Amino acid sequence: MTALARQRGNWWHRWGEETLSAYLFLLPSIVIFATFVFFPLFFSFYASLTHWNLPFKPSFTGLENYHYLFTDEIGAPEFFRSIRNSFYYALGVPLNMGISLAIAVLLNQRLRGVSLFRTAYFLPTITSTAAISVIWLWIYHPADYGLLNSILLKLGFSPLRWLRDPHLAMPALILMGIWHGMGYNIVIFLAGLQSIPTTLYEAAEIDGAGGWARFWRITWPLLGPTTFYVLVIGIINSLKAFTQMHVMTEGGPLGATTTITYYLYQQAFENFAMGRASAVACVLFVILFILTLIQFKVVGSRIHYE
Amino acid sequence: MKRNLLLIGLVLGLALLSACGREQSEPTPTAGAEPTEEQVITLEFWYALSGKTGEAVEALVEQFNASHPNIHVNATYQGSYGEIMGKVWNAIYAEQTLPQVAHLGGAPLLGKTGAIVPITDFTEGANGIDRSQIYDALWEYNSAGGQIWSMPFNNSVPVLYYNRDLFAAAGLDPDRPPTTWDEVIEYGQALTQDTDGNGEVDQWGFNTHRDTHWYISAMFLENGAQIVNEEQTEVLYNSPEAVEMLQLWGDMVNKYQIMPPAQHKEAKGDFLAGKLGMLLRSCAGIPSAAEEVTFDLGVAPIPAIAGRDPVEPVGGGSLVIFRSDDQAILDAAWEFVKFMTSPDGSLHLSTHSGYVPIYKDALEWPDLQVYLEEHPLQRVPIEALQYSYAIPVFPALGTSDGALRQAVEKVELGAATPQEALNEAKAVVDKNIAEQQ
């Protein structure tokens, strides 16, 4: 009896009490995570294996939904187009990063009214995408009294049909996305820039390094972790973008802005094919997961953490 | 210290667990008659109208509560038709609490689920109504599989909004709006103008609101095309009659150039800003348009093919009663639905919104006549109800609407011929029908 009790006591002392209380403290967030993240995650994986057209109950069909997405005569071309469109939209990310970094470097100078500029660049970011989309609908109005078109006309160009032109719709959304997302990137870049010790720049200056050399030899490498973070988050966010397609183009014209997320929405809320929509969600999850892994492996290995 | 932490953690965890548990085990809040002294029955009512029309619905509910001391209705706005339908389907699927009465679009689709009581169980009962007083098309709009499931409540039809000032400026008679599609083209050509002379059209003759599937369906029907076969196993969108009408639609964009391509999202704004001569849109928007515009607004019935009658496909929402084991609740729910859709209810709604009264003799109601004298534009859709028609309700309607909008877009942008576009639309919808259980 005594040996066992001692053993138990030891176990309790070594592991039990602290760990248990740690878990108890974690419990609230674990419950919330389980309810709102893990449960829906596993449920939508299960749903993707069912034939589930609302208002009927799901019935198990194995991989049929995936079969539809990858091989069906109607389904596959639409699905692959939506993946292409999503990656097309994600092309805005590097562009956005370049512009954001340039502005962040400028805002990092000791200039008059710099906080005013910082606020100005950040304002679009904190405005809701839906509100911005409505405003940009007026900017992109296809008639010659559209805001952007009237400027083009004043400058002597001919007006464009922007969101109503199958070739221009996606670039137009990318442009708006850059304007919208820039503020967040700038703030992150600014934080990164300010964490670089000024002594490095002073030393470089003494050694006679010019502006470009200082940027490429000091700023760029030391900004690595920040750039990496912005890249990962940017690509994930742009593959998840939905509101602007929903409000501004409804996936059109001719499906040119039907991204994965909008295709998912159409399956779920136009066709009420919940099983198929869940399959789309699972494919999107796998794509994001692989992308993040690649980014960590390839880009992550080249980053200089201090 | 450690023991205290443990205690705190335990208490916290338990509190959380019990909170979770309570939510699930709580009795359905309103499903039963609450045994108070007066035996007041509480009904939950979900509705989908916001803004001024929503206020009209709330006012009706208040009138009902004031005049029915034994029944209390809790009305809650639950978002658009689509959102309510999503919530209802979720509740049916997850076996959660449903309201007793809901206001839905596409209501008859719920018939198959067994969650609602056919409305004819009530209309034909002891406390019933004379169904022949209400337009036949509205009953058909609430039917599926040969059974009437729901009660018509707020209904609308497409009408032609036109700018009388632009008509006059283009030398057209504002009192003679176009009645045929040929006239729409003729008027449209006069109205389509480059007003500032920069080589770009900035005033278009004609456009439709963004729900193009509704208007192209009306045109199909006007030309004698059918939407879906008798068994509802396939849509008939690629019939010659349908193709002909989509060709006409495409010609208005590409041949006669009175309508800008793929610009339906902007059409309403263009019209209200005085940049568009004629707009095809639901009559539900008449009061707000009349309030917003700075020009003289005109409204006409949907145009027809020369020598034939127009077709006005009805849209809008309906009221459904969900199943209950308690006859007292069902009776109270019907009492409420009957009140909301009575001539008085219909009068209130149609004089506080752009929706039409659902009764055939509405134009003879003195109160409505007084209202229409001040709001003459709203007489047009009521008179047009003689041409009302119900597009059959079949389970692939959501897919069908999307497929038709895409077909219209393809033709407007020259990406497909009308025949190709409608063949593709038919293939998509037929596949969806086949996938339904």
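Within every chain, numbering begins at 1; the chains are lettered A, B, ... in the order of the sequence lines, protein sequences first and strands thereafter. Every heavy atom of this structure was used, including side-chain atoms; hydrogens, water molecules and symmetry mates were not. The model shown is predicted, which means the values in this text are computed figures rather than measured ones.
- Here the NE2 atom belonging to B/His209 is positioned 7.5 Å from the CG atom belonging to B/Leu279, to the nearest 0.5 angstrom.
- If you measure heavy-atom distances from A/Gln266 to chain B, the contacts under 4.5 Å come from the side chain alone.
- Using a 4.5 Å heavy-atom cutoff, the side chains of B/Leu404 and B/Leu422 are in contact.
- In this structure, B/Phe271 and B/Phe295 have perpendicular ring planes: the angle between them is above 60°, well past the 30° mark.
- Heavy-atom distances place the side chain of A/Ile74, and not its backbone, under 4.5 Å from chain B.
- Heavy atoms from other residues, nucleotides or ligands lying under 6.0 Å from NZ of B/Lys268 number 12 at most.
- Contacts between B/Asp401 and chain A at a heavy-atom distance below 4.5 Å are absent for every atom of the residue.
- Using a 4.5 Å cut-off between heavy atoms, B/Pro261 contacts chain A through both its backbone and its side chain.
- Counting only heavy atoms from C-beta outward, the side chains of B/Thr192 and B/Gln257 never approach each other to under 4.5 Å.
- With a 4.5 Å cut-off on non-hydrogen atoms, B/Ala273 does not touch chain A at all.
- With a 4.5 angstrom heavy-atom cutoff, A/Tyr68 touches chain B only via side-chain atoms.
- Heavy-atom pairs under 4.5 Å with chain A were tallied for B/Glu412, B/Lys410, B/Arg210, B/Gln263; the largest tally goes to B/Gln263.
- Proximity to chain B is absent for every atom of A/Trp162, based on heavy atoms less than 4.5 angstrom apart.
- Between A/Tyr140 and A/Leu160, every side-chain heavy-atom pair lies at or beyond the 4.5 Å cut-off.
- In terms of heavy-atom pairs under 4.5 angstrom with chain B, the leader among A/Asn149, A/Thr249, A/Asp165, A/Asp72 is A/Asp72.
- The 12-atom threshold is not exceeded at CZ of A/Phe33, counting heavy atoms of other residues, nucleotides or ligands nearer than 6.0 Å.
- Contact of A/Leu163 with chain B is not made at all, since no heavy-atom distance falls under 4.5 Å.
- Counting heavy-atom pairs closer than 4.5 Å to chain A, the top-ranked of the candidates B/Lys275, B/Arg405, B/Gln406 is B/Lys275.
- Proximity of the aromatic rings of A/Tyr262 and A/Tyr265 is defined here by a centroid distance below 6.0 angstrom, and this criterion is met.
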